[in-house]
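Scope of the values below: all heavy atoms of this structure, side chains included, with no hydrogens, waters or symmetry mates.
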Amino acid sequence: MLSTSSDPQRRRLPNILITGTPGTGKTTLSELVTSQCTDTSYPMDLINVNERVIAKGFHDGKDEQFNSLIVDETQLLDDLEDTLCPIASVQGNTEESPSLEPQQGIPPGGYIVDTHSPSLFPPNWFDLIIILRTWNDNLYPRLEARSYPQHKISENITAEIMQVVLEEAVDHFSEDKCWEMRSDVADHMQKNSKRICKFIEEWRNGNVEEASVEVLKEIDDWAMSDEEPEEE
């Protein structure tokens with residue numbers, strides 16, 4: 001199970017990593033969740049890893065073959081460590097409190113991290129891992145629309161077929177933290193966002209164990225159906 005309210009080092013708000021093969025909708029979902037949490041008692045901040053790498057120069061140039069940046073992982077992790085506030089580094093007062101004001105010993109959390117490289121980050125930085133999945137008939141035109149070269153499209157399609165990101169996330173974080181969500185049509189995006197926001201709200205209220213069961217049951221009803229959905 002995910003962390004519960006009895007965990008004395010539980011963050012006041014969860015850190016959530018949203019990942020998946022390029023084109024599965026990570027950035028769109030991350031922005032939607034962040035937006036929907038803005039005027040609530042559980043506001044979340046968004047970290048787009050690719051944008052941060054570019055803005056702060058955490059890379060060693062571009063891989064011309066795949067038209068992607070060569071990330072300096074050490075610089076990136078050093079920059080994010082204090083922000084994401086790993087639980088293992090926190091000591092002090094462990095009293096539970098509904099307040100979002102900083103308190104000694106209680107890590108604040110409250111970040112949505114958008115990345116396609118889940119295993120880059122230490123497991124204790126995150127409380128929930130969302131892996132988006134997309135049927136290839138939907139993924140291919142999305143990658144074409146980005147003007148990806150054919151070899152890069154083929155690489156990403158193969159990665160999605162082989163469940164590369166899913167298996168990487170599960171192996172790195174453990175299966176009980178990883179939730180697989182279908183991301184093919186607009187309705188999926190809205191339902192995914194609603195479920196993630198529900199999880200955040202329940203975590204904020206100290207009901208994480210109950211919320212994880214509730215939300216997972218809702219997702220299982222539709223998210224990973226074996227039938228390809230019709231476009232709306």
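- Residues L120 and L77 meet the side-chain proximity criterion, which asks for heavy atoms closer than 4.5 Å.
- No donor-acceptor contact under 3.5 angstrom links the side chains of T134 and D184, judged on distance only.
- Between the side chain of R133 and the backbone N or O of M181, no donor-acceptor pair lies under 3.5 Å.
- Between the side chain of T38 and the backbone N or O of T34 there is at least one donor-acceptor pair closer than 3.5 Å.
- From E180, atom CD reaches atom CG of L132 across 10.0 Å, with rounding to the nearest 0.5 Å.
- Judged purely by atom type and a 3.5 angstrom limit, K177 uses its side chain to pair as donor or acceptor with the backbone of P123.
- Annotation: cation-pi geometry not satisfied between K56 and F58 (NZ/CZ under 6.0 angstrom from ring centroid, within 45° of ring axis).
- One distance of note links CG of D171 with OG of S119; it measures 9.5 Å at 0.5 Å rounding.
- Two residues are said to be in side-chain contact when any heavy atoms from C-beta on lie closer than 4.5 Å; T21 and H116 fail this criterion.
- Counting only heavy atoms from C-beta outward, the side chains of L17 and L128 never approach each other to under 4.5 Å.
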Applying side chain to side chain donor-acceptor pair (under 3.5 Å), run through T27 and D114 and close with a yes or a no. CA-CA 6 Å; T27 299; D114 166 7; 2.6 Å; yes
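- Using a distance-only test at 3.5 Å, with no hydrogens or angles considered, a donor-acceptor pair links the side chain of S154 to the main chain of Q150.
- When every heavy atom of C178 is checked against every heavy atom of I131, the shortest pair comes out as CB-CD1, 3.6 Å.
- Clustering ILVMFWY residues whenever any of their side-chain heavy atoms sit less than 4.5 angstrom apart, transitively, puts L76 in the very cluster that holds I54.
- Annotation: the span from L46 atom CG to N48 atom CG amounts to 6.5 Å, rounded to 0.5 Å.
- Contact between D127 and P14 at its shortest, heavy atoms only, is OD2-CA, 3.4 Å.
- Between I112 and I47, every side-chain heavy-atom pair lies at or beyond the 4.5 Å cut-off.
- By the 4.5 Å heavy-atom criterion applied to side chains, W179 and I196 are not counted as neighbours.
- Residues C37 and C197 meet the side-chain proximity criterion, which asks for heavy atoms closer than 4.5 Å.
- Ring-centre distance between Y111 and W125: not below the 6.0 Å cut-off.
- Between the side chain of S193 and the main chain of M189, no donor-acceptor pair closer than 3.5 Å is present.
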